[in-house]
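Shown next, in structure tokens, is the structure this report addresses.
Note that ligands are numbered from 1 as they come in the structure, with each ligand's atoms numbered from 1 the same way. Since this is a predicted model, take the numbers as computed values, not measurements.
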Amino acid sequence: MNKHILITGGAGFIGSHVVRRFVTNYPDYQIVNFDTLTYAGNLENIKDIEKSSNYTFVKGDICDAAAVEKVLHDFQIDTIIHLAAESHVDRSITDPLAFVRTNVLGTATLLNEAKKYWNGNYDGKLFYHVSTDEVYGSLGETGFFYEDTSYDPRSPYSASKAGSDHLVMAFYHTYHMPVVISNCSNNYGPNHFPEKLIPLSINNILNKKALPIYGKGENVRDWLYVIDHASAIDVILHKGKIGDTYNVGGHNEWTNIDLIKLLCKLMDEKLGNAAGISEQLISFVKDRAGHDLRYAIDATKLKDELGWVPSVTFEEGLSKTIDWYLENKDWLEQVTSGNYVNYYKSLYGA
Ligand code: NAD
Ligand code: TYD
């Protein structure tokens, strides 16, 4: 095997697309998916590749130093793609310490065990940390996040991700560990857990439930199709410069209200509804505490230095995403039963 790659969080939304891409495109790489299977982890996401000879799943927690040490030794890991995290801002407002534990302590544990295992022999080694543009804080109506934009996180989620990014750079500067970081904008696509705006709205339209829009729906996000994020991770892993950061984004800004109106239109067309039916479900609700106004990535460095650009337009990506949810209603039903019902009630009250 050419590389022995540990992917953390590979049963989650983005991780599952990264696992699939590497298992499929690189038969000479051994891929080990290390995931503790929280509410967001679902082995169904990668069922199609689970029998591949270059793939292994290991259930484990990144905060458990002994488990991390064992998986690094057992599979002679030389490359880590670190995606495991608590990832939802609203949950971080309810339970900030869970985010500090997984995102800060978990990342520190992973770094520390990799340092011990690699023991100063960094030839052919890489610690690739997958992070978010939310570490840069909130933009006004103009401007972009660049790789050298100062960190200014405002939610417990983004603060814990910022902490993890700082730890990664600390291991680079202090111990010369080969690291690379990418900070990506909002992802959307198949297998997205229906706590985030797009899959939650798809699920609610299917169930004729209200579409909760925080505040006035004027907040702006820059959306990237998850399969394009996986391709960016592939390019950065192979061609990125050690110690560098790369911003990943779609140059695709939408206010939440415009995005939901487009989603409603596409859903009505696909479901054969009369035009305008789904839009009637839109309901403006109390704003999120500390709600960041706008995120927008400048991904010029990734384009100019590594040649990466997104492959699908938003309309194409959104259409494919809706099709996936319509074809995978069992998946949606499975993840919205059980604890999801209580989560939904506690946040939205119904
Ligand atoms: P997700 O919540 O869908 O999945 C997270 C995965 O990590 C799950 O499979 C979960 O079981 C696993 N996990 C959680 N805690 C763990 C622990 N202690 N040990 C081992 N595994 C654990 O998240 P996602 O949306 O796929 O995000 C993946 C990564 O990408 C995160 O680091 C996130 O910060 C980052 N990111 C996400 C987005 C986005 O729009 N979703 C954008 C930019 C960056
Ligand atoms: P989300 O998908 O949670 O991603 P993030 O907070 O990481 O950007 O939210 C995207 C945007 O949609 C954000 O501005 C908050 C808003 N939003 C709603 O208006 N209603 C909702 O029910 C959710 C989950 C989000």
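Looking only at distances, a side-chain donor or acceptor of K161 sits under 3.5 Å from a matching main-chain atom of V130. In this structure, R20 contributes its side chain and N45 its backbone to a donor-acceptor pair below 3.5 Å. At distances below 3.5 Å, not a single donor-acceptor pair connects side-chain atoms of N183 with backbone N or O atoms of N247. The closest donor-acceptor contact from the side chain of N207 to the backbone of N203 lies under 3.5 Å. Of the possible polar contacts, one joining the K125 side chain to the N121 backbone as a donor-acceptor pair under 3.5 Å is found. Distance alone, capped at 3.5 Å, places no donor-acceptor pair between the D222 side chain and the S185 backbone. The backbone N or O of H192 lies less than 3.5 Å from a partner atom in the side chain of Y325, making a donor-acceptor pair.
In this structure, E269 pairs ionically with K265, as a charged nitrogen and a carboxylate oxygen lie closer than 4.0 Å. Between D95 and R101 there is no salt bridge, since none of the side-chain N atoms of the basic residue sits less than 4.0 Å from a carboxylate O of the acidic one.
Numbered from 1 in the order shown, with element, the atoms of ligand 1 that lie under 4.0 Å from a heavy atom of S87 read 1 (P), 2 (O), 23 (O), 25 (O). Near S131, the atoms of ligand 1 lying under 4.0 angstrom from a non-hydrogen atom of the residue are 43 (C), 44 (C). The contact set between ligand 1 and V130, taken as ligand atoms under 4.0 Å from a residue heavy atom, comprises 30 (O), 32 (O). Listed by number with element, the atoms of ligand 1 under 4.0 Å from a non-hydrogen atom of N186 are 40 (O). Heavy-atom proximity to D61, at under 4.0 Å, picks out these atoms of ligand 1: 17 (C), 18 (N), 19 (N). The atoms of ligand 1 that sit less than 4.0 Å from any heavy atom of L37 are 11 (O). Contact atoms of ligand 1 toward S185: 42 (C), 43 (C) (distance under 4.0 Å to a heavy atom of the residue). Near I14, with a cut-off below 4.0 Å to any heavy atom, the atoms of ligand 1 are 25 (O), 26 (O), 27 (O), 30 (O), 36 (N), 37 (C), 38 (C), 39 (C), 41 (N).
F75 and Y55 end up in the same hydrophobic cluster when Ile, Leu, Val, Met, Phe, Trp and Tyr side chains are linked at under 4.5 Å. V220 and I213 fall into different hydrophobic clusters, where Ile, Leu, Val, Met, Phe, Trp and Tyr residues are linked whenever their side-chain heavy atoms come under 4.5 Å apart, directly or through other members.
Only the side chain of Y157 comes within 4.0 Å of ligand 1, judged by heavy-atom distances. Using a 4.0 Å cut-off between heavy atoms, K161 contacts ligand 1 through its side chain alone, with no backbone atom that close. Counting heavy atoms under 4.0 Å from ligand 1, residue N187 touches it through both backbone and side chain.
Checking only distances, C184 never comes within under 3.5 Å of ligand 1, N or O to N or O. For N42, no nitrogen or oxygen atom sits less than 3.5 Å from a nitrogen or oxygen atom of ligand 1, counting backbone and side chain alike. Every N/O-N/O distance between C63 and ligand 1 stays at or above 3.5 Å. For R101, no nitrogen or oxygen atom sits less than 3.5 Å from a nitrogen or oxygen atom of ligand 1, counting backbone and side chain alike. Ligand 1 has no N or O atom lying under 3.5 Å from any N or O atom of A84, backbone or side chain. Considering backbone and side-chain atoms alike, H192 places every N or O at 3.5 Å or more from each N or O of ligand 1. Considering backbone and side-chain N/O of F34, none are found under 3.5 Å from N/O of ligand 1.
Taking the six-membered ring where tryptophan is involved, the planes of H251 and F144 are perpendicular, since the angle between them exceeds 60° and thus also 30°. Aromatic ring orientation, H291 versus Y214: perpendicular (interplanar angle above 60°, classes split at 30° and 60°). The aromatic rings of Y343 and Y348 sit perpendicular to each other, their planes meeting at more than 60°, with 30° as the lower class boundary. Between Y340 and Y344, the angle of the ring planes lies from 30° to 60°, which puts this pair in the tilted group.
The closest protein non-hydrogen atom to atom 4 (O) of ligand 1 is G12 CA, 3.5 Å. Ranking the protein heavy atoms by distance from atom 19 (N) of ligand 1 puts I62 N, 3.0 Å first. When hydrogens are left out, the protein atom nearest atom 15 (N) of ligand 1 is T102 CG2, 3.5 Å; that is the closest non-hydrogen contact. Of the protein's heavy atoms, T38 OG1, 3.3 Å lies nearest to atom 10 (C) of ligand 1. Here the heavy atom of the protein found nearest to atom 11 (O) of ligand 1 is D35 OD1, 2.6 Å. For atom 16 (C) of ligand 1, the closest non-hydrogen atom on the protein side is T36 CG2, 3.5 Å. Counting only heavy atoms of the protein, atom 25 (O) of ligand 1 lies nearest to F13 CD2, 3.8 Å.
Of all heavy-atom pairs spanning I233 and V18, the tightest one is CD1-CG2, 3.8 Å. The nearest pair of heavy atoms linking L37 to A11 is CD2-CB, 3.6 Å.
Partner of H129 under the side-chain hydrogen bond (donor to acceptor under 3.5 Å, both in side chains) criterion, chosen from T245, T107, D165: D165.
For the ligand labelled ligand 1, residue G60 lies inside the 4.0 Å heavy-atom shell. Under a 4.0 Å heavy-atom criterion, L83 is in contact with ligand 1.
Here Y172 and F127 keep their ring centres 6.0 angstrom or further from each other. For F193 and H88, the ring centers are positioned 6.0 Å apart or more.
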Would you tabulate the polar-atom pairs, meaning N/O of ligand 2 against N/O of the protein, with distances under 3.5 Å, reported to 0.1 Å?
unit_1	atom_1	unit_2	atom_2	d
ligand 2	2 (O)	L197	N	2.9
ligand 2	3 (O)	R288	NH2	3.1
ligand 2	4 (O)	N186	ND2	3.3
ligand 2	6 (O)	R288	NH1	2.5
ligand 2	6 (O)	R288	NH2	3.3
ligand 2	7 (O)	E134	OE2	2.6
ligand 2	8 (O)	N186	ND2	2.9
ligand 2	8 (O)	R221	NE	2.7
ligand 2	12 (O)	N256	ND2	3.4
ligand 2	14 (O)	R221	NH2	3.3
ligand 2	14 (O)	N256	ND2	2.9
ligand 2	14 (O)	H291	NE2	2.7
ligand 2	19 (O)	Y214	N	2.8
ligand 2	20 (N)	P212	O	2.8
ligand 2	22 (O)	P212	O	3.4
ligand 2	22 (O)	Y348	OH	2.6

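The closest heavy-atom contact to atom 5 (C) of ligand 1, among the options A85, G41, A11, G9, comes from A85.
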